[in-house]
Structure formats: structure tokens, C-alpha cells
Amino acid sequence: MNIPFRFIINRAVFYLFTLWAAITINFIVPRLMKGDPVSAYMAKYRGQLSPEAEGAIRALFGLDKDKTVWQQYLDYWGSLLRGDLGASFSNGLAPVGDVIATALPWTVGLVGLATVLSFLLGTITGAVIGWHRGSRADVIVPITTFFSTVPYFWLGLIAIAVFSSTLGWFPASHAYDKGSAPEFSLDFIGQVIAHGALPLITILIASLGGWILGMRNMMLTVLDEDYITVAQAKGMPSGRVLWRYAARNAVLPQLSSFALSIGFIVSGTIVMELVFSYPGVGKMLLDATNAKDYPLMQGVFLIITLAVLCANILADVAHAILDPRTRQSEA
């Protein structure tokens, strides 16, 4: 398999332009919002900071009034290239990168695992149901679709009421027991698994229906293609026709949807993290918005943007590998 050089160049140019546009918007939007974050910060610590400190804080956050917007924009790019995302207002001027690093593993571990599992289970299940269309397995589709229409927070509240409050099988909130400190030990890992099981299962149930329905519908379309009929007429085993021919082509739209859901992984399910008091990026983003912590908001949006772009690049590569028509059209 040879991927055309033109295919690589076109995708590289497109994603570099998209990255530039996203970073530029990330710079502009906070400056268009009402209010001045530095003035709000000075008012919050009135009496503790001298008026002379305002100039230093503005310089620290790249909001120096003596500089033009263009100079601030160039300084912003310079900071990004050095890996400096700024300092967080709501976390004692701690580096934004360090603040995000404390919440990102929790979100990736919980929402990331739930998203990957729902994609794999939903895609495989949808392929099997589509292959055996008209069988009793079709009853799975309306059941899982029903749960997909129920809001996340409602499922979370029901899960807490039933499995935590009534049965006592799982903890109701937080990522680990109160009084514990993060450490690499079997006891702490057990706490993380126990606290994360209920929100993970809730997200899995709520998102599984979409993957099953999408894959089943694509399978029904693919199974009417001539190459499937020819493969069956040649006497190929059903399993090979299912996975090597039908599912391989039906999964292509699923890959694009999965790439878009990567942004959902990084941003986290905000409402779900609030329901379970889970210390993820989604809850941190909401707290930063309420506190008007613009540097932290910019940092989170940038991480989400990079995650989505990287996921779409991987999806494009997967398309080129799985579908020869993609390579031929670019050649």
C-alpha cells in the first residue's frame, strides 16, 4: 500500500491552517468578552496587592495596555512555542499547564476509556446485528437507542440512587476516598476503580446506542453492494465476508465520528463530572468559566483543539489504509 505524497501534503496544509485559525480564535475570543480579568483579579485581592502590581500582572498575562493587540498576539505565539500557557487566576497564579495536568489524567482515564469501549462494543455489536438483519438481535437497537435519548445527568442520578444510596455497591462521588492522597499503590488503584466504575458504566450505557445504530445502518447499506454478493457467491466463509469486506467498509463513517468524539474525551462530560463530583477537565473548565479565569479557559480550549486535530489526522490515515478509493482519488 502506497499513500500518495499529494494526499499527505494536502492534509498537512489543511491541518496547519486549522491549527493556526483555532489558536488565533483562542487568542481573540477572551479579549472580546465583557470585563477585564486583571481588574477583577485586583478587586478580588483588594488591600492585599498594591496598585503598582497591576502593571506586572498585566504583563504576566499578556494584557499590557502599553502593547498593541498585534504585539500581544505575537507574544502569545511566543509563549505557546515555549510551552507556556500562562498562569491561572483561580489557582493562585499557578501555571496553566500544571493545573490542566492535574485534571487531564482523570478525564482521559474515565471518559477516554468509556468512549473507546462504547465505540468498540457498539461497532462490533452493530456489525453483527446488521449482518443478521431481521433476527431477534434487532431488539437491542431500540433498547440502546432509548438509553441514548436519556440525558447523562439523569442516568447518573438514577445510578447513584440505585447502586450507591440503595444497594451501596459503588461510591457516590469523587475519584478516590476522602483523606487519601494520589499514590501508586494497589489500595489507591482499587479506590480509583471503585469510584470510576459507576460514572464509566453510565457513560457507556448512554453512548452505546449511537454507535450500534450507526454501524447497523451502514451494514445494511454495504450488504446490498455487488462485491458482497460476489464474495458470497464464491463460497467465502461468512466470517471473512463480514469482517474483511462488509464491516471494513461500513466502519469508515464510524471512524470520523470517533475522531470527533476525541474532543469529547478531553473536555469531559461536564454535567457527569458535576453529578459525581469527579475532578476532571470538564468540571475544571466550568469552574474556570465561573471564575472568569481566561488563561485557564484558553489552555483547556487549546488542549481540546489539539486533541480533535490529532484524532482527525489519525482518522484520515485510517481512511487511507482501509479504503483504497481515498488513496486513488488523491493520486
Side-chain angles (χ1 to χ4, degrees), residues 10-45 49 53-104 107 259-271 273 280-313 315-316:
N10 288 343
R11 292 298 187 272
V13 171
F14 171 76
Y15 284 116
L16 285 175
F17 174 79
T18 305
L19 178 62
W20 169 81
I23 292 177
T24 301
I25 294 173
N26 198 29
F27 169 82
I28 294 175
V29 169
R31 287 162 174 78
L32 297 177
M33 299 176 67
K34 293 183 179 179
D36 186 347
V38 176
S39 299
Y41 184 80
M42 294 294 295
K44 181 180 180 180
Y45 293 96
L49 296 174
E54 181 175 352
I57 295 176
R58 287 190 177 277
L60 175 64
F61 289 100
L63 298 172
D64 194 344
K65 292 182 177 180
D66 296 333
K67 291 185 177 181
T68 64
V69 176
W70 175 249
Q71 290 175 319
Q72 294 178 17
Y73 178 69
L74 294 179
D75 291 342
Y76 178 68
W77 268 101
S79 298
L80 289 181
L81 294 176
R82 295 193 303 271
D84 182 10
L85 299 178
S88 172
F89 286 114
S90 57
N91 291 275
L93 301 183
V96 169
D98 294 344
V99 176
I100 296 177
T102 60
L104 190 59
T107 295
L260 294 177
S261 67
I262 297 297
F264 170 78
I265 291 177
V266 178
S267 61
T269 52
I270 298 178
V271 176
E273 290 181 357
V281 175
K283 184 175 182 299
M284 184 184 67
L285 177 59
L286 182 62
D287 293 339
T289 303
N290 293 331
K292 295 183 178 179
D293 191 345
Y294 298 149
L296 184 55
M297 292 167 57
Q298 284 181 300
V300 174
F301 289 146
L302 180 62
I303 296 299
I304 294 173
T305 301
L306 292 177
V308 173
L309 288 178
C310 291
N312 277 274
I313 291 173
D316 281 341

Among all residues two or more places apart in sequence or in another chain, which pass the side-chain contact (heavy atoms from CB on, under 4.5 Å) test with S79?
R82, D84
Holding to side-chain contact (heavy atoms from CB on, under 4.5 Å), I want the full list of residues that pass it with L80, two or more places apart in sequence or in another chain.
I23, Y76, L85, L302
Considering only heavy atoms from C-beta outward, does the side chain of F14 approach that of T18 to under 4.5 Å?
yes
Is any side-chain heavy atom of I303 closer than 4.5 Å to a side-chain heavy atom of V281?
no
Heavy-atom nearest pair, M284 first then A103, reads SD-CB, 4.0 Å
Minimum-distance pair of heavy atoms, taken over all atoms of A22 and T305:
CB-CG2, 3.3 Å
Test W20 against W77 for side-chain contact (heavy atoms from CB on, under 4.5 Å), laying out the working first.
CA-CA 10 Å; W20 169 81; W77 268 101; 3.8 Å; yes
So does V99 get a backbone contact from the side chain of T102, meaning a donor-acceptor N/O pair under 3.5 Å?
yes
Go through the steps for L306 and L19 under the test side-chain contact (heavy atoms from CB on, under 4.5 Å), then give the verdict.
CA-CA 8 Å; L306 292 177; L19 178 62; 3.4 Å; yes
Quickly, which of L296, N26, I25 forms a side-chain contact (heavy atoms from CB on, under 4.5 Å) with F301? Name it, please.
N26
